[in-house]
Amino acid sequence: MKLVFYGAGNMAQAIFKGIIDSKILNHNDIYLTNKSNENTLKSFAKELGVKYSYDDAFLLKDADYVFLGTKPHDFETVASRIKSHIQSDHRFISIMAGLSINYIREKLETNNPVARIMPNTNAQVGHSVTGISFSGNFDPHSKDEVTELISAFGSVIEVDEEYLHQVTAITGSGPAFLYHVFEQYVKAGTSLGLEKKQVEESIKNLIIGTSKMIERSDLSMEQLRKNITSKGGTTQAGLNELDRHDIESIFKACLDAAVHRSIALSKSEDE
């Protein structure tokens, strides 16, 4: 199986490194290209054994899957360059935010199968939650192949394309929202008189430990929370204060804003 990556940024790196680490494919099956930074490609070739080129005909010849990881505003230029080299059995996987399947096909001037994936930065540690949508002509075998490739760097959730906006908000932007919450937790902890370094280290380990509890337990997060909440105790006192500030509505507003922005960006790119 031959994979070609147009764009070798952080997210593309997480994907092809995850695929190599999982040993699903040999490094010789992965080909890279980017806009102009050949030193980056040379570095990956030396470190990982992948191949690279700026020759589109060479890259696309006999390719099975073509990952489109350029910046969205660069895609039209890439599409105009590669469309004459597209073969009937090419399948495209887009990691470009905001560009619809129809838009991608239009610019490539092809009806070939196209999938859109929305990973998050946790792909860099093999724990992305990746939303994926397929065009209607993606055959079941190819879907399974793509799902296996994406599973190399985390878990996969398949949704209709219209729901990728919600996936973007919940999991794509999710790490940033959680980092922000942790930031505020550090600030609040430091205000209690402890040294910032102590608080940061304690909360880092608190987050890691809590994540492992969630991972290893069959209980819901609600039940895990209840298990450490004694009536009238310190935990209940803190939770009561969170409820007083309606934390549920705060997170709902946060996600709604991200969804609306994703929709707006998608419309602006399609225009």
Does Glu201 come within less than 4.0 Å of Lys197, counting only side-chain N to carboxylate O?
-> no
Indicate the atoms forming the closest heavy-atom contact of Leu60 with His85, along with that distance.
-> CD1-CB, 3.6 Å
Scanning both residues in full, the closest heavy-atom pair of Leu48 with His27 reads O-CB, 3.2 Å
Any idea which heavy atoms bring Pro175 and Thr171 closest together, and the distance?
-> CD-O, 3.1 Å
What pairs meet the salt bridge (Lys or Arg N to Asp or Glu O under 4.0 Å) rule with one or both residues in residues 44-63, with sequence neighbours excluded?
-> Asp56-Arg81
List the atom of Ile117, the atom of Ile15, and the distance in Å for their closest heavy-atom pair.
-> CD1-CD1, 3.9 Å
Parallel, tilted or perpendicular: ring planes of Tyr103 versus Phe75, cut at 30 and 60 degrees = tilted
Write down the atom of Ala12, the atom of Ala8, and the distance for their closest heavy-atom approach.
-> CB-CA, 4.0 Å
Might you point out which heavy atoms bring Ser135 and Pro113 nearest each other, and give the distance in Å?
-> OG-CA, 3.5 Å
Would a distance-only check, ignoring hydrogens and angles, find a side-chain to backbone donor-acceptor pair under 3.5 Å from Glu161 to Ser100?
-> no
When you look at Arg116 and Ile132, which way does the side-chain contact (heavy atoms from CB on, under 4.5 Å) test go after all the steps?
-> CA-CA 6 Å; Arg116 285 181 62 193; Ile132 186 167; over 6 Å; no
Parallel, tilted or perpendicular: which describes the rings of Phe58 and Tyr31, with under 30° parallel and over 60° perpendicular?
-> perpendicular
